[in-house]
Amino acid sequence: MLTYKFLEKQDPEVMDVVRREARRQADELELIASENYASSAVLEAMGTVLTNKYSEGYPGHRYYGGNQIIDDIENIAVQRAKKLFSAEYANVQPLSGSPANAAVYFAFLKPGDKVMGLKLDHGGHLSHGHPVNFSGMLYNFVQYEVDSGTGRIDMNEVAKIARKEKPKMIVAGFSAYSREIEWKRFKEIANEIGAYTFADIAHTAGLISAGKMDNPVPLFDVISTTTHKTLRGPRGAIIMCKEKYARDVDRAVFPGIQGGPHDHITAAKAVALGEALEEDFKQYAEQVIINARTMADEFLKMDYNVISGGTDNHLMVVDMANKGITGKDAEQLLERIGISVSRSTIPNDPNPPMNPSGVRLGTPAVTTRGMKEEEIKKIVDWINKAIEHKDDKISSRKIKNEIHELCLQFSVPGA
Ligand code: DSN
């Protein structure tokens with residue numbers, strides 16, 4: 001564990017929470033598809049004196065004095081983001097995914113403009129036009145869905161809706177979709193109707209940057225990503241775009257949406273981007289996908305209903321209906337044996353979002369610990385046994401102990 005000697009002395013109560021959470025992260029299995037373990041170097045960068053600085057504006061054009069050194073950290077992060085994703089332009093200031101998406105809409109659209117995005121219960125994100133989110137309140141979203149037979153986005157259907165609705169922007173991206181996105185086809189459809197293309201690659205940025213999935217950055221007008229999922233950095237986000245939109249994007253982030261950037265987080269983003277440029281990150285990304293495929297295959301062998309029949313990326317959504325348990329109950333049952341997953345809606349879910357039919361599982365975090373196919377097979381077996389014997393306390397205790405034994409063999413950065 002990192003030392004935290006000053007925190008320990010100053011505030012034992014807070015230190016106790018940090019210690020307990022570090023223990024939990026090390027002792028349990030993290031299968032939440034959007035979570036990962038940032039490296040010790042990323043964690044250290046977040047704890048630096050860069051947190052003390054205000055630096056509204058951009059390198060060379062700040063509204064506060066004393067930013068000549070801070071400019072360096074922002075420039076390093078920008079250069080690394082551009083190199084990693086082959087981007088013409090990068091803004092590394094967005095505080096997280098939703099604010100980044102807000103800035104994208106703000107840069108390209110006016111309130112009331114028509115936009116197309118993937119529906120939430122079909123794998124989209126709240127900020128892709130859900131009515132309870134600012135995106136659905138401010139903009140006129142029309143939503144596309146996955147095909148009910150294949151569980152995949154049907155590009156002919158996307159084209160049909162786009163031609164009929166003529167949105168000003170098409171959003172491609174997701175929170176719970178396990179297949180490759182046909183970026184080129186999205187671009188062709190958008191070109192046909194003169195729409196902007198916006199890719200939200202929050203989930204797969206690490207896999208894309210490592211060349212393991214197709215990269216929309218050179219193709220699309222604008223791209224957002226969080227930095228803490230498969231990219232394995234600090235909580236935060238980045239927007240990339242064509243050079244011609246740079247000024248609009250910058251102005252939308254600051255002063256449009258945000259105040260001062262969080263410079264300690266920018267430093268941590270720079271560290272994570274540097275790590276992702278290294279050769280061993282490519283191997284990590286490849287293993288994330290191999291592990292996810294292994295996991296999906298094991299679930300399928302045990303007669304689980306994996307939406308779309310498998311995965312091309314790091315995640316899968318499993319409909320638990322044929323196993324006689326809801327997504328919420330499965331999440332809580334697995335939590336009791338030391339496995340974290342997130343409940344998830346399935347396409348056209350008959351159940352409400354708080355108690356949906358499915359669970360979403362992902363492999364980024366366990367792969368960071370060094371787990372491979374052998375461990376993944378054990379994990380699926382434990383999940384299956386826990387679900388099959390859900391009322392058997394002795395069996396649950398035994399599985400929990402076995403999970404703990406496995407966790408002891410695979411360390412966690414920072415824990
Ligand atoms: N909360 C993230 C996820 O779990 O996918 C998206 O915002």
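All ligand and atom numbering here is 1-based and tracks the order in the structure.
Judged by the 6.0 Å distance and 45° axis criteria, Lys323 is positioned over the aromatic ring of Tyr304.
What sits closest to atom 2 (C) of ligand 1 on the protein, heavy atoms only, is Lys229 CE, 3.9 Å. Given atom 1 (N) of ligand 1, the protein heavy atom at minimum distance is Ser34 OG, 4.6 Å.
Shown here, atom 5 (O) of ligand 1 is in close reach of the protein: a heavy atom of it lies under 4.0 Å off.
With hydrogens and angles disregarded, a donor-acceptor distance shorter than 3.5 Å links the side chain of Lys166 to the backbone of Arg163.
In the vicinity of His125, heavy-atom distances shorter than 4.0 Å reach the ligand 1 atoms 6 (C), 7 (O). Each of the following atoms of ligand 1 lies closer than 4.0 Å to a heavy atom of His203: 3 (C), 5 (O).
At a heavy-atom distance under 4.0 Å, only side-chain atoms of Arg360, from C-beta outward, approach ligand 1.
The two residues Gly309 and Leu300 come nearest to each other via the heavy atoms O-CD1, 3.3 Å.
Under the side chain to side chain donor-acceptor pair (under 3.5 Å) criterion, Lys282 pairs with no residue at all, not counting sequence neighbours. Qualifying side chain to side chain donor-acceptor pair (under 3.5 Å) partners for Tyr139, counting only residues two or more places apart in sequence or in other chains: none.
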